[in-house]
Amino acid sequence: MIDIKQFDEIKKTSARSFNDQKALIKKIMAGRVIPCDSCGTTIKLVLPEQSETPGLYCDKGCTDIALDFTL
Ligand SMILES: [Zn+2]
């Protein structure tokens, strides 16, 4: 499991506030199923080993939170 401290460098490019993003990440990493605010599809955590652009993404792309992982 990735330690939550490794998400301290979250990019602030999203419309969501930094604290909202951190709260969302914590919920998803805890195994909660969180639907996208816009389209209702499940938001997925993409890890660095899965993609070159890790972050949180919904199926339709309206939730797009890029993360800087420091592994
Ligand atoms: Zn969406």
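As the structure is a computational prediction, the values presented were derived from the model and not from experiment. Every number for a ligand or one of its atoms is a count from 1 in the order of the listing.
The shortest distance between side-chain heavy atoms of Thr42 and Asp59 does not fall below 4.5 Å. Here the side chains of Val33 and Ile43 are not in contact, with every heavy-atom distance at 4.5 Å or above.
If you look at the Zn ion (ligand 1), the protein N, O or S atoms less than 2.8 Å from it are Cys36 SG, Cys39 SG, Cys58 SG, Cys62 SG.
Residues forming a side-chain contact (heavy atoms from CB on, under 4.5 Å) with Glu52 (at least two apart in sequence, or on another chain): none. Looking at residues two or more places apart in sequence or on another chain, you find a side-chain contact (heavy atoms from CB on, under 4.5 Å) between Thr53 and Ser51, Tyr57.
Not a single donor-acceptor pair under 3.5 Å links the side chain of Thr41 to the backbone N or O of Cys58.
Annotation: the span from Leu56 atom CG to Gln21 atom CD amounts to 8.0 Å, rounded to 0.5 Å.
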